[in-house]
Novice: 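One structure coming up, written as structure tokens, with questions to follow.
Being a predicted model, the structure only gives us computed values, none of them experimental. Any value given below was found using the heavy atoms of this structure, including those in side chains, with hydrogens, waters and symmetry copies removed.
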Amino acid sequence: MADSSQGSPVVHGFPHLDTVRSAITALYRRLSYDGVHRFAPSLAPADAAFADADDLHLGAQRVARAMVQHLRLPDARMIVAFRAMEHAGSVELAAGPEYFIELNDRFRTHRRDIGAALSHEVMHVLLHRLGLEFPGTRDNEILTDTAAAYLGAGWLLLDAFREDATSSQKLGYLTPEEFGYVLAKRALAFDEDPSPWFTSPQAYTAYTKGRAQALRESAQPPLTAAGWAGRRRYAKDRRYAQEHPGAAPVPGPGVPYAFEAGGDGLRVAFACPTCHQRNRVPVRGRVRARCALCRTVLDCTT
């Protein structure tokens with residue numbers, strides 16, 4: 001797992017957003033709606049709490065067991081050790097039933113972040129058991145961070161983000177704002193507010209920025225919640241599609257929808273704001289549809 005405290009600068013913004021969205025879609029496809037919602041509620045802060053007075057190894061084992069139980073891993077015993085290493089942690093992905101996790105030696109004195117590091121490594125175990133992976137190390141690590149956050153343990157990874165004028169720390173491959181985005185997506189889907197759990201002011205700020213991005217996606221045309229400017233742009237694009245039925249439906253930069261001509265008339269294709277599965281609905285005014293993947297009701301004005 002990436003660790004910015006080892007000298008790498010903290011990257012901000014949303015550079016990995018397409019991969020993050022693909023990861024959320026992949027979780028719903030692999031687990032189904034019911035499977036994803038088995039991970040409610042999130043891991044409780046008390047289950048990951050780690051006081052300086054706690055025994056290092058016993059405390060790490062306790063938190064690891066809490067992760068295993070939250071992620072519903074059967075018969076998975078985590079053995080946690082500490083050593084000098086470049087990254088924050090690593091895990092051996094064998095057949096089990098025991099998994100060996102190594103954490104960076106610095107967590108011996110930064111115990112409040114052990115839960116964050118474990119949430120990423122234990123998620124590797126769950127994804128391994130599910131047979132879910134993305135090609136390439138970078139995208140697979142983004143999948144792991146996204147899954148940890150969306151399935152209720154990875155809020156700890158955002159809470160481990162701290163930054164001031166002289167130093168910074170961030171765990172994982174996602175930016176702080178991208179962690180905030182995934183947590184906000186979970187909050188909207190699970191009706192859960194993680195903000196009271198943050199002990200880091202910088203984590204809370206990143207969450208609010210990620211939440212703003214998530215809310216913007218819930219207010220884009222053809223969704224009825226879209227604002228005036230978006231609705232006006234949509235009406236213009238729809239008129240062009242109706243007047244040029246043979247034209248290729250190529251949306252412009254930043255346009256979240258595309259029109260497609262079919263035997264039953266014009267349709268508009270757009271991503272579900274919850275799971276990002278592509279949906280297609282007829283262009284005929286007010287339409288209510290349900291996403292087949294995550295069951296979100298899509299109230300549209302097409």
Side-chain angles (χ1 to χ4, degrees), residues 1-11 16 23 43 45 47-50 52 54-71 73 76-130 132-134 136-162 167-176 178-179 182 199-200 203:
M1 175 173 57
D3 182 359
S4 73
S5 69
Q6 301 300 301
S8 302
V10 175
V11 177
H16 313 114
L43 182 76
D47 290 335
F50 205 124
D52 289 340
D54 290 348
D55 179 272
L56 177 65
H57 292 90
L58 291 178
Q61 293 293 143
R62 172 181 56 79
V63 176
R65 281 197 301 272
M67 293 287 175
V68 167
Q69 291 169 357
H70 173 75
L71 295 176
L73 280 165
R77 179 169 175 250
M78 305 293 165
I79 301 172
V80 184
F82 298 81
R83 69 171 177 88
M85 59 196 305
E86 178 183 357
H87 298 298
S90 64
V91 60
E92 290 185 4
L93 294 174
E98 293 184 342
Y99 294 88
F100 185 61
I101 296 175
E102 291 183 315
L103 298 183
N104 194 300
D105 253 344
R106 73 181 183 83
F107 289 113
R108 293 177 181 271
T109 54
H110 292 78
R111 299 184 180 188
R112 62 181 286 191
D113 297 325
I114 285 177
L118 286 173
S119 71
H120 180 96
E121 303 307 333
V122 177
M123 180 52 65
H124 270 302
V125 175
L126 176 60
L127 293 176
H128 176 68
R129 288 200 166 204
L130 291 173
L132 181 57
E133 63 178 331
F134 279 179
T137 299
R138 169 189 169 275
D139 286 1
N140 203 52
E141 293 291 347
I142 291 172
L143 167 64
T144 305
D145 279 344
T146 302
Y150 202 82
L151 298 184
W155 64 268
L156 292 159
L157 286 160
L158 179 53
D159 197 41
F161 168 54
R162 290 180 285 279
S167 64
S168 64
Q169 172 186 277
K170 184 188 75 69
L171 301 179
Y173 283 71
L174 298 186
T175 69
E178 287 169 341
F179 271 121
V182 179
T199 62
S200 163

Novice: Are the side chain of D145 and the backbone of L174 linked by a donor-acceptor contact shorter than 3.5 Å?
Specialist: yes

Novice: Hey, does V11 have a side-chain heavy atom less than 4.5 Å from the side chain of H16?
Specialist: no

Novice: In Å, rounded to the nearest 0.5 Å, how long is the span from CD of E178 to OG1 of T146?
Specialist: 8.0 Å

Novice: Specify the closest pair of heavy atoms between A60 and F50, including all atoms of both residues, with the distance to one decimal.
Specialist: N-CE1, 3.3 Å

Novice: How long is the straight-line distance from OG1 of T144 back to CD of E133, given to the nearest 0.5 Å?
Specialist: 9.5 Å

Novice: Does the R111 side chain pair with the main chain of G59, one donor and one acceptor, at a distance under 3.5 Å?
Specialist: no

Novice: Can you tell me how far apart CZ (R129) and OH (Y99) are? Round to the nearest 0.5 Å.
Specialist: 3.5 Å

Novice: Do the side chain of S119 and the main chain of A148 share a donor and acceptor less than 3.5 angstrom apart?
Specialist: no

Novice: Is there a side-chain contact between L58 and D54 (heavy atoms, below 4.5 Å)?
Specialist: no

Novice: Side chains of M78 and L73: does their closest heavy-atom pair fall under 4.5 Å?
Specialist: yes

Novice: Does the D159 side chain pair with the main chain of S200, one donor and one acceptor, at a distance under 3.5 Å?
Specialist: yes

Novice: Quick check for you: to the nearest 0.5 Å, what is the distance between R106 atom CZ and R108 atom CZ?
Specialist: 13.5 Å

Novice: Between V125 and V68, is there a side-chain heavy-atom distance shorter than 4.5 Å?
Specialist: no

Novice: Measure the shortest side-chain to side-chain distance between L118 and L103 over non-hydrogen atoms and say whether it is less than 4.5 angstrom.
Specialist: yes

Novice: Is H57 close to F82 at the side-chain level, that is, under 4.5 Å between some pair of heavy atoms?
Specialist: yes

Novice: Given side chains that start at C-beta, do those of V122 and I101 come closer than 4.5 Å, heavy atoms only?
Specialist: yes

Novice: Using every non-hydrogen atom in the two residues, find where Y173 and I142 come nearest and quote the distance to one decimal.
Specialist: CB-CG1, 4.3 Å

Novice: Which pair of non-hydrogen atoms, one from A153 and one from H70, has the smallest distance, and what is that distance?
Specialist: N-NE2, 4.0 Å

Novice: Any side-chain heavy atom of D113 sitting closer than 4.5 Å to one from Q169?
Specialist: yes

Novice: May I ask you to check whether N104 and H87 show a side-chain donor-acceptor distance below 3.5 Å?
Specialist: no

Novice: Are a donor atom and an acceptor atom from the side chains of H124 and H120 found within less than 3.5 Å of each other?
Specialist: yes

Novice: Closest heavy-atom contact between G115 and V63?
Specialist: CA-CG1, 3.8 Å

Novice: Output the distance between atom CG (L132) and atom CG (L143), rounded to the nearest 0.5 Å.
Specialist: 5.0 Å

Novice: Can you name the nearest heavy-atom pair linking A116 to L157, along with the distance?
Specialist: O-CD2, 3.3 Å

Novice: If you compare all heavy atoms of A149 against all heavy atoms of F179, which two are closest, and at what distance to 0.1 Å?
Specialist: CB-CD2, 4.3 Å

Novice: Could you measure the distance from the CG atom of L56 to the CD atom of Q61? Nearest 0.5 Å is fine.
Specialist: 10.0 Å

